[in-house]
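Note that this is a predicted model, so its numbers are computed, not measured.
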Amino acid sequence: SDWDRIKKVFPDITVSILYYQDRLRDNKPDKIESEINEIIKRVKYPLKKMEIALTNIEYGVPDENIRAACRAIANYKDA
């Protein structure tokens, strides 16, 4: 996969992943957790070298959606 090649060519880079604000605002908490978990599994990168950004969180984003995103990230274990 492309991620495997990136990790091989650039073993010390930090990967930044953006979870878009409209998805954070509009999706249900279980969908948010599922999508973030899928992203983490697909990238298969050590969390210490991965940034998952929840940017531009504005008024109207349900608190439970933010907590769902944080839960998904907190539950990740390096493979």
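Between the CG atom in D30 and the CG atom in N37 there is a gap of 11.5 Å [rounded to 0.5 Å]. Atoms CD1 and OH, from I52 and Y19 in turn, are 11.0 Å apart once rounded to the nearest 0.5 Å. Atom CG of residue L24 and atom CG of residue L54 lie 6.0 Å apart, to the nearest 0.5 angstrom.
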Next item on the list: Run the numbers on E51 and T14 for side chain to side chain contact (heavy atoms under 4.5 Å, CB included), then give the verdict.
Entry: CA-CA 7 Å; E51 299 172 349; T14 298; 3.8 Å; yes
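With sequence neighbours excluded, the residues forming a side-chain contact (heavy atoms from CB on, under 4.5 Å) with L18 are Y20, A53, T55, listed by chain and number. For K31, the salt bridge (Lys or Arg N to Asp or Glu O under 4.0 Å) partners at least two apart in sequence or on another chain are E35.
The minimum heavy-atom distance linking P29 with A68 is given by the pair O-CB, 3.5 Å.
The shortest side-chain heavy-atom distance between M50 and I17 falls under the 4.5 Å cut-off.
Contacts classified as side chain to side chain donor-acceptor pair (under 3.5 Å) and involving residues 57-72 (residues at least two apart or in different chains) are given here: E33-R71.
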